[in-house]
Amino acid sequence: MIYDYCIIGGGIVGLATAMALLERQPGASLLILEKEASLARHQTGHNSGVIHAGIYYAPGSLKADLCKRGAEATKAFCSEHQITFDVCGKLLVASTPLEVQRMHALYERSQQNGLKVERLDAAELQRREPNIVGLGGLFLDATGIVDYKQVCQAMARVIQAAGGEVQLSTTVRAIVESGDDVTISSDDKVWRARQLVACAGLQSDRLAALAGVKIDHQIIPFRGEYFRLPASKNDIVNHLIYPIPDPELPFLGVHLTRMIDGSVTVGPNAVLGLGRENYKKFSVNWRD
Ligand SMILES: Cc1cc2nc3c(=O)[nH]c(=O)nc-3n(C[C@H](O)[C@H](O)[C@H](O)COP(=O)(O)OP(=O)(O)OC[C@H]3O[C@@H](n4cnc5c(N)ncnc54)[C@H](O)[C@@H]3O)c2cc1C
């Protein structure tokens, strides 16, 4: 059998791609190959669980548009599939005069992006978040939280109901393209597909190399570490609390995140990791 589509990776990008393909082409044959024993075991299952509203992105950019539409689609999907999510809102807090300047620039950007954002002074900030001190803040009411593992499980059910197959515990080891199709091999199985989409996240450069695609970048492992507050502090904040981002850094900054299970995490930092998929501090993967 030759599949119409083969997708490598059972994270949210692979699953969303599969769902979109089956929606556009009902009846297409589609296979997802995932190396782990369950879905969303890497980035998708280790993130902050935030449904971002898209305040950071350059107005008019594809990212700004996708983030806004993606947030709406995520909430609609969760409602349709009875997945708990909470639109708890996000507060970006300025703690220095420089951050106040950046905050105003970010506000202008948010207006160009068509987002509903409130500017708060220090007194209003204190009223809404008695445990947070700052010179001012921006409040976005559209930001939410969800458990992306649950979202992925529901997506897999949609894919399977549309005839797609999900094969877990299957590591792709070889990709050979011919003029007509592509042959994909694991340690003990071989598949053929007319089109292949690799959504391999942290391994994407290696998958590209397997397929003979020349790329000029490489994944360097960085780990984001989170602390979890003791349960007695679960009510310490009412919203998600973020800093005003530093435009020099590619990170959103350490945030206080209310998780969908009621707990509050503080993080992530970004430390050079000793393995791409190593989540414990001192575990090492020499190849990585
Ligand atoms: C610390 C951190 C916090 C974040 N917080 C948020 C947030 O709050 N909100 C948000 O929207 N985004 C957040 N993100 C970003 C988001 O998590 C990622 O953009 C998203 O999960 C990427 O999904 P993915 O499917 O590309 O990758 P992954 O989830 O990593 O999936 C890739 C999959 O490919 C599989 N794979 C790899 N190689 C092979 C192979 N050879 N054969 C078979 N399968 C293979 C892997 O096992 C994995 O399951 C965060 C990211 C980080 C790092």
Side-chain angles (χ1 to χ4, degrees), residues 6-19 31-57 63 66-75 77-78 85-86 88 90 143-149 151-153 155-156 166-175 184-187 189 191 196-211 219-227 240 242 250-260 265-271 273 275-279 285 287-288:
C6 173
I7 293 180
I8 302 173
I12 201 157
V13 175
L15 294 163
T17 304
M19 251 176 62
L31 171 69
I32 299 179
L33 300 174
E34 165 54 52
K35 68 180 166 58
E36 305 296 343
S38 58
L39 299 168
R41 283 277 275 268
H42 292 296
Q43 288 177 92
T44 305
H46 284 93
N47 67 23
S48 302
V50 177
I51 307 172
H52 288 289
I55 189 172
Y56 305 109
Y57 305 124
K63 260 189 175 176
L66 285 179
C67 194
K68 205 170 160 206
R69 288 198 283 135
E72 283 159 16
T74 303
K75 291 173 199 166
F77 182 84
C78 290
F85 68 105
D86 177 8
C88 55
K90 161 174 170 170
T143 306
I145 50 173
V146 71
D147 177 351
Y148 281 110
K149 290 193 277 311
V151 174
C152 286
Q153 279 148 15
M155 287 170 123
V166 181
Q167 182 116 27
L168 300 171
S169 306
T170 305
T171 304
V172 171
R173 302 278 185 205
I175 299 171
I184 307 113
S185 317
S186 69
D187 287 328
K189 281 193 184 149
W191 301 267
L196 172 75
V197 191
C199 306
L202 303 169
Q203 309 294 343
S204 50
D205 55 342
R206 289 183 180 148
L207 266 293
L210 275 188
I219 305 277
I220 305 290
F222 267 80
R223 191 178 59 247
E225 295 170 325
Y226 293 83
F227 290 96
L240 308 177
Y242 280 68
F251 309 109
L252 302 187
V254 168
H255 37 276
L256 276 161
T257 316
R258 289 164 55 106
M259 304 298 281
I260 201 73
T265 62
V266 188
N269 59 1
V271 288
R276 295 183 183 200
E277 296 175 348
N278 296 41
Y279 299 102
N285 180 317
R287 182 182 176 209
D288 293 349

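Counting starts at 1 for both ligands and their atoms, in listed order.
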Problem - atom 31 (O) of ligand 1 [closest protein heavy-atom partner, distance rounded to 0.1 Å] - result: G11 CA, 3.5 Å
Problem - Short N or O distance, I12 and ligand 1, threshold 3.5 Å exclusive - result: yes
Exercise for the section: Please report the C-alpha distance between S186 and L33 in whole Å, then the side-chain angles of each, then the deciding distance to 0.1 Å, and finally whether the side-chain contact (heavy atoms from CB on, under 4.5 Å) criterion is met. Expected result: CA-CA 9 Å; S186 69; L33 300 174; over 6 Å; no
Exercise for the section: Answer yes if the side chains of Y279 and H42 hold a donor-acceptor pair under 3.5 Å, and no otherwise. Expected result: yes
Practice task
Before signing off on this row, confirm whether E34 and ligand 1 have an N or O atom pair separated by under 3.5 Å.
Solution key: yes
Fill in the blank from the handout: atom 44 (N) of ligand 1 has as its nearest protein heavy atom K35 N, 3.2 Å
Completion exercise
For L33, the atoms of ligand 1 under 4.0 Å from one of its heavy atoms are 43 (C), 44 (N)
Fill in the blank from the handout: In terms of its nearest heavy atom to atom 21 (O) of ligand 1, the top option of T171, I32, T44, I7 is T44
Problem - Under 3.5 Å: N/O of S48 near N/O of ligand 1 - result: yes
Handout entry: Taking atom 10 (C) of ligand 1 as the reference point, the nearest protein heavy atom with its distance
Key = V50 O, 3.6 Å
Exercise for the section: Starting from atom 24 (P) of ligand 1, find the nearest protein heavy-atom neighbour and note its residue, name and distance. Expected result: V13 CG2, 3.7 Å
Exercise for the section: Could you tell me whether the side chain of Y148 and the main chain of V50 form a donor-acceptor pair under 3.5 Å? Expected result: yes
Exercise for the section: Please work out whether any backbone atom (N, CA, C, O) or any side-chain heavy atom from C-beta onward of T257 is under 4.0 Å from ligand 1, and answer side chain, backbone, both or neither. Expected result: neither
Exercise for the section: Heavy-atom contacts with Y226 under 4.0 Å: which atoms of ligand 1 show up? List them by number with element. Expected result: 1 (C), 2 (C), 3 (C)
Problem - Candidate with minimal heavy-atom separation from atom 32 (C) of ligand 1, of G9, C199, C67 - result: C199
Completion exercise
Looking only at non-hydrogen atoms, the one of R41, Q43, H42, R223 nearest atom 27 (O) of ligand 1 is Q43
Problem - Contact atoms of ligand 1, heavy-atom distance to Q203 under 4.0 Å - result: 37 (C), 38 (N)
Fill in the blank from the handout: The closest protein heavy-atom partner of atom 14 (N) of ligand 1 is N47 CB, 3.8 Å
Exercise for the section: Name all residues meeting the side-chain hydrogen bond (donor to acceptor under 3.5 Å, both in side chains) criterion together with R206; count only those two or more places apart in sequence or in a different chain, and write none if there are none. Expected result: Q203, D288
Handout entry: Atoms of ligand 1 close to Y148 [distance to a heavy atom under 4.0 angstrom, numbered from 1]
Key = 11 (O)
Practice task
Run down the list V146, V172, T17 and name the one with the heavy atom closest to atom 41 (N) of ligand 1.
Solution key: V172
Problem - ligand 1 contact on L207 by region, counting heavy-atom pairs under 4.0 Å - result: side chain
